[in-house]
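Step one of this worksheet: look at the structure below.
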Amino acid sequence: ADSFEALRETVLACTQCPNLVSSRKNVVFGVGNASADLMFVGEAPGAEEDRRGLPFVGPAGRLLDKMLAAIGLGREDVYITNILPWRPPGNRTPSADEIALCKPFIARHIALSKPDILLLVGNISSKTLLDTQTGITKLRGQWQSYKADGLNIPALPLLHPAYVLRRPETKADMWADLCLLRKRLAD
Ligand code: URA
C-alpha cells in the first residue's frame with residue numbers, strides 16, 4: 001500500500017482473524033492529521049471505538065485528550081491509531097498471533113506517516129513496536145527508537161490511559177512522561 005487510502009482498503013479486506021472480523025462492528029483505522037509530527041499508537045479499539053469506528057473515543061480516549069491538552073496539544077496536532085484495527089471480543093488482550101498478523105499493517109502505517117515522534121501507548125504497543133519483552137512499567141519515561149523499514153524514529157513509551165484510570169496513583173508517572181514529551185517538542 002503506498003497511501004493511507006490503499007492501506008485502509010488492504011486492512012478492510014483482511015480476513016486473517018475470522019473471529020475478530022465476525023465480532024467487530026467497525027474497522028478502526030486511524031484519526032487525525034496524517035502528516036502530524038506526533039503519532040500515537042494504542043492497543044486495540046474498545047467498545048465505544050468499535051461502535052464509532054474511531055480510536056480513543058471512550059473513557060481512555062477522554063483521558064488521552066486531557067493529557068494532550070495539558071501539554072498544549074489538540075487532536076488536530078496528532079495522528080492516532082492502534083496495533084489492532086478491530087476490537088478483540090470483550091476487550092480481551094490481543095493474542096500473540098493477532099498481534100503478529102497486524103504488525104505489517106502498523107509498520108506500513110508508520111512508514112507512510114513518517115512521524116517525527118512516536119508515542120507508544122501501553123504495554124502491547126511498546127512491546128510490539130520496540131520488539132522487546134520488557135514491560136511498560138520499566139520502559140515508560142525513557143526514550144527509545146522505533147527501527148524498521150529504514151526508519152529510526154524516537155519513541156516514548158507511555159502508560160495506557162485505561163491503566164491510569166484503574167490506578168490513579170500512576171497519574172504522577174504519566175505527568176512526568178508528558179513533561180518529557182513537552183520538553184522534547186520545545187527543544
Ligand atoms: N484503548 C486503546 O488502546 N485504543 C483505543 O482506541 C481505545 C482504547
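Counting begins at 1 with the first residue of the sequence. Indexing begins at 1, ligand by ligand and atom by atom, following the structure's order.
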For this session: Please say whether Phe56 places an N or O atom under 3.5 Å from an N or O atom belonging to ligand 1.
Result: yes

For this session: Would you check whether Ala162 reaches within less than 4.0 Å of ligand 1, judged by its heavy atoms?
Result: no

Problem set entry | His160 near ligand 1 by a heavy-atom separation under 4.0 Å | yes

For this session: Mind checking side chain to side chain donor-acceptor pair (under 3.5 Å) for Glu5 and listing every partner two or more places apart, or none if nothing turns up?
Result: Arg8

For this session: Name all residues meeting the side chain to side chain contact (heavy atoms under 4.5 Å, CB included) criterion together with Asn152; count only those two or more places apart in sequence or in a different chain, and write none if there are none.
Result: Ser145, Lys147

Exercise. So Phe4 and His109, would you call those rings parallel, tilted or perpendicular, with 30° and 60° as cut-offs?
Worked result: perpendicular

Problem set entry | Location of contacts on Glu49 toward ligand 1, heavy atoms closer than 4.0 Å | side chain

Seminar exercise, completed: Numbered in order shown, the ligand 1 atoms found under 4.0 Å of a heavy atom of Pro55 are 6 (O)

For this session: Give the atoms of ligand 1, by number and element, whose distance to some non-hydrogen atom of Gly42 is under 4.0 Å.
Result: 3 (O)

Exercise. Is the shortest heavy-atom distance from the side chain of Val121 to the side chain of Val41 under 4.5 Å?
Worked result: no

For this session: Drop me the distance from Cys102's SG to Leu84's CG, to the nearest 0.5 angstrom.
Result: 4.0 Å

Exercise. Does a donor on one side chain and an acceptor on the other come within less than 3.5 Å for Ser125 and Asn123?
Worked result: no

Seminar exercise, completed: the protein heavy atom lying closest to atom 2 (C) of ligand 1 turns out to be Ala44 O, 3.1 Å

Problem set entry | Protein heavy atom at shortest distance from atom 4 (N) of ligand 1 | Asn82 OD1, 2.8 Å

